[in-house]
Amino acid sequence: MTQRVKESFGSGGPPPAALAAKVRTLAPSMTRSMQRVAEAVANDPAGCAALTVTGLAELTGTSEATVVRTARLLGYPGYRDLRLALAGLAAQQQSGRAPAITTDIAVDDPIADVVAKLAYDEQQTLADTAAGLDTVQLGAAVSAAAAARRIDVYGVGASGLVAQDLTQKLLRIGLIAHAHSDPHLAVTNAVQLRTGDVAIAITHSGSTGDVIEPLRVAFEHGATTVAITGRPDGPVAQYADHILTTSTARESELRPAAMSSRTSQLLVVDCLFVGVAQRTYEMAAPALAASYEALAHRHRR
């Protein structure tokens, strides 16, 4: 992460509600020993809250240093702060039981079960994304986009669809925005950006080269850069002034990562768009009204 990126955790770390979301998001990028600690605190917050750092290290077959490193990676200054968050999470869980449903979809599941499982998983993905979204980083990205001369958005595959969704929203409130899924066109457009422009990269993995390359070019030309990613510690972070983290849901054979990542990306995109629309309301409201009027006759057919 470059010097242009600033972390904004509070002094005591994320609130309890965000803990489980952060574990799901960051676990894939952790070492195996750190994953054991993260999985333990997520699966049994009440039990782990009662353990000392030594006790948790023994339970997970790791070291005290690994426990402390895991706590810090999750956004807590130390183990004491993580332990307090675990106690808070345990209390929340005891106050309301989660539904007895698993999101694992079998090939012979009845369609009604598929609907229920997907609905639950989508709900969890949205809740995790909202809990883990850094509103300071979001506010900074909104401010930059609202004042931008031009906004370029990069994404390929499913993320490219999200890039197009954001771009068409921004266009409807009168902003100049372009979505790029072709990596060559993305780079040739990025070289035209400068200070006062904004470049947004959407990559679930945080390591999509076709998205990182134009963001790097935009960054080096002085544009304000934003990364929407499920891997805030991935390569894309090197060139991002602001990082908006999406939830990382568990992938299965019948539910590829592209489905869950798109859900969380769309929530972040909607938050970004609404924030920009609020900041530019005097221009956005008439522009929206004009677009509705221009399309109204098509809805009467």
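As the structure is a prediction and not an experimental result, all values here were calculated from the model.
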From CD (E39) to CG (D44), nearest 0.5 Å:
13.0 Å
According to salt bridge (Lys or Arg N to Asp or Glu O under 4.0 Å), who are the partners of R279, at least two apart in sequence or on a separate chain?
none
Short question: side chain of T229, backbone of T203 - any donor-acceptor pair under 3.5 Å?
yes
Residues which pass salt bridge (Lys or Arg N to Asp or Glu O under 4.0 Å) with R150, listed by chain and number, not counting sequence neighbours:
D152
Closest approach of L267 and L126, non-hydrogen atoms and distance?
CD2-O, 3.6 Å
Evaluate the side-chain proximity of N189 to H180: yes if any heavy-atom separation is below 4.5 Å, no if none is.
yes
Identify the heavy atoms of F219 and Q238 that sit nearest to each other, and give their distance.
CZ-O, 4.4 Å
Shortest non-hydrogen separation from K169 to F273 and the atoms involved:
O-CE1, 3.2 Å
Can a donor-acceptor pair be found between the side chains of R69 and T66 at a distance below 3.5 Å?
yes
For A223, does its backbone N or O pair with a side-chain atom of D197 as donor and acceptor, under 3.5 Å?
no
Do the non-hydrogen side-chain atoms of Y79 and L82 ever get within less than 4.5 Å of each other?
yes
Minimum heavy-atom separation for D270 to D165, with atom names?
OD1-OD2, 4.3 Å
Checking the side chain of S205 only, and the main-chain atoms of S207 only, is there a donor and an acceptor separated by less than 3.5 Å?
yes
Hey, could you give me the OG1/CG distance between T135 and L244, rounded to the nearest 0.5 Å?
10.5 Å
Are the side chains of H242 and L138 in touch, meaning some heavy atoms are under 4.5 Å apart?
no
From the list Q265, H204, R262, side chain to side chain donor-acceptor pair (under 3.5 Å) with S159 holds only for Q265
Are side-chain heavy atoms of I176 and I151 found at a separation under 4.5 Å?
no
Exercise: do S247 and S264 side chains pair donor with acceptor under 3.5 Å
no
Please check: side-chain N/O of T52 versus main-chain N/O of G55, any donor-acceptor pairing under 3.5 Å?
yes
Does the side chain to side chain contact (heavy atoms under 4.5 Å, CB included) test come out yes or no for T245 and I243, once each step is laid out?
CA-CA 6 Å; T245 305; I243 299 177; 4.1 Å; yes
Can you tell if the side chain of T246 reaches within under 4.5 Å of the side chain of I228, non-hydrogen atoms only?
yes
Quick one, I202 and Y154 - any side-chain contact, counting heavy atoms below 4.5 Å?
no
Indicate yes or no: at least one non-hydrogen side-chain atom of M30 is less than 4.5 angstrom from one of Q35.
yes
Please report the closest heavy-atom contact between A148 and V198, naming both atoms and the distance.
CB-CG2, 3.8 Å
Kindly indicate whether the side chain of T263, heavy atoms from C-beta on, has any atom under 4.5 Å from the side chain of T129.
no
Does atom CZ of R80 have more than 12 heavy-atom neighbours, drawn from other residues, nucleotides or ligands, at distances under 6.0 Å?
no
Taking atom CG of L215 and atom CG of L193, what is their separation to the nearest 0.5 Å?
10.0 Å
Side-chain donor-acceptor pair under 3.5 Å between D241 and T225, yes or no?
yes
Closer than 3.5 angstrom, by distance alone: can the side chain of T280 be matched with the main-chain N or O of M283 as a donor-acceptor pair?
no
Smallest heavy-atom separation, V153 atom then A163 atom, equals CG1-CB, 3.6 Å
